[in-house]
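Numbers here are sequence positions counted from 1. A quick note: this is a predicted structure, and the numbers were derived from the prediction, not measured. Note that ligands are numbered from 1 as they come in the structure, with each ligand's atoms numbered from 1 the same way. These numbers come from the heavy atoms of this one structure, side chains and all, not from hydrogens, waters or symmetry mates.
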Amino acid sequence: QQVVVKKNTQYNQQLIDKLNKPHQFWQTQPMPNINEMDKLKPGPIQLGVLAEVRKDPFNLIEKYEWFNVDLRNEEQAQQVYTLLKENYVEDDDNMFRFDYSIEFLRWALLPPGQYADWLVGVRVNQKLVGFISGIPVTLYIENQQNKVKMTEINFLCVHKKIRSNRLAPVLIKEITRRVHIKNMWQAVYTAGIVVPTPISQTRYYHRSLNAKKLIEVGFSSLSARQTISRQQKLYKLPEEPKTPGLRPMKKKDVAQVTKLLNEYLKNFKLYFKYTEEEVKHWFLPRKDVISTYVVEKEQGIVTDFLSFYNLPSQVINNPKHTHLKAAYSYYNVATQTPIVQLMYDALILAKNEGFDVFNALDIMDNEKFLKELMFCSGDGQLNYYLYNWKLEKDMLKPEEIGIVLV
Ligand SMILES: CNCCCN(C)c1ncc(F)c(N2CC(C(=O)NCc3cnc4ccccn34)C2)n1
């Protein structure tokens, strides 16, 4: 009885703390908070001093230890896969949880120039219980002058059984320290939740490809006047894409795709500049990970391309289905083909690859095709964050965002 009471009071105390000091951790970070927005001038909020960066890792509680994950090692990759599969992001109703595959994680986290100590794990008795990742990126912020080498943070995950041990803030502090040691002082990340202080709030849109399955897994619901067969007819797609010359991207296309992509991304306020090496990594097709198709005209000229990535969700407790197969719009550049036609072909290609739904954010030029291609606005909001950087205006519109984080 005594123990239960103690546990509850401890738990209640933590709840009271949370309510009294929301974002207690985030108030300690260089993120512009509401009232100081107007004073700061655009650019870094705090100037980092390399000599002052802690050389040793942050302290962990008894029995916990830091562990650099080597994703090329099958066993360690399995550990990260299982931790995320069982403990990563779920929807608000706990019906779905992301199921990032090992091959996807190798794609997302082993780009050119990756650092071994930026895949940060925490272990207890050889078991992985916490993880956070960083990859090196060069982000252009609001104009060509602000070309900032920084880290892209992702996959923050703490095992369900050890939540509220305050491990997440330590994971964030430790990877921040490992980024600072490399003399980098900014970060970019996204999250479905709102913590101080989003630079943009974007929304997810969904285009049904397999209406029956989406209803069976509870992703979509039928209103009174709708039937499954009516829904299937409504979302039916042609067997084959329409655009002549549309084919999977190959190595020989890398130079042209790099030019098309870098030229297109200059339209936005937040974007990466890609080397050919990086285009090879991020866009050459990988089975069950990334699909990229180019439009090749006469003399081998590539005028457009489309791409989408494969991120399935585990369906929790469904009698009939274990997974929701979701394709996520990645980068699409239409210089000759109308964007609506190019994306209509993307839907057809995704359907033919076996996907149940095609997701897209309302960033870049996506709102040009969302309505016409019958995307529905979802409940999912994705917030973009920039760590230690003050923008000219405090927020960017979704259509000013030119980066997709997987
Ligand atoms: C850097 N990382 C950001 C990407 C993580 N991504 C893909 C994500 N972050 C927050 C979301 F809100 C979200 N949504 C896609 C929409 C959706 O499909 N909602 C139903 C659903 C199906 N499966 C899941 C799994 C988790 C959450 C919602 N789920 C909402 N996607």
Return yes if some donor-acceptor pair links the side-chain N/O of Thr337 with the main-chain N/O of Leu342 below 3.5 Å, else return no. no
Provide, line by line, the atom pairs where ligand 1 and the protein bring an N/O atom each to a distance under 3.5 Å; else say none.
unit_1	atom_1	unit_2	atom_2	d
ligand 1	2 (N)	Val406	O	3.2
ligand 1	6 (N)	Tyr204	OH	3.4
ligand 1	23 (N)	Ser313	OG	2.7
ligand 1	31 (N)	Tyr204	OH	3.4

Can you give me every donor-acceptor pair (side chain of residues 398-406, partner residue at least two apart or in another chain, under 3.5 Å) with its distance?
unit_1	atom_1	unit_2	atom_2	d
Glu400	OE1	Lys397	N	2.8
Glu400	OE2	Lys269	NZ	3.1

With sequence neighbours excluded, what pairs up with Glu74 under the side-chain contact (heavy atoms from CB on, under 4.5 Å) test? Gln78, Ile102, Arg106
Using modelled atom types and a 3.5 Å cut-off, is there a donor and acceptor pairing between side-chain atoms of Lys390 and backbone atoms of Ile45? no
Expected list for residues 357-375: side-chain donor-acceptor pairs under 3.5 angstrom, two or more places apart:
unit_1	atom_1	unit_2	atom_2	d
Asn359	OD1	His206	ND1	2.6
Asn359	ND2	Tyr328	OH	3.3
Asp362	OD1	Arg203	N	3.0
Asp365	OD1	Lys368	NZ	3.1
Asp365	OD2	Tyr264	OH	2.6
Asn366	ND2	Leu361	O	2.8

Under 30°, 30 to 60°, or over 60°: which ring-plane class applies to Trp282 and Tyr330, parallel, tilted or perpendicular? tilted
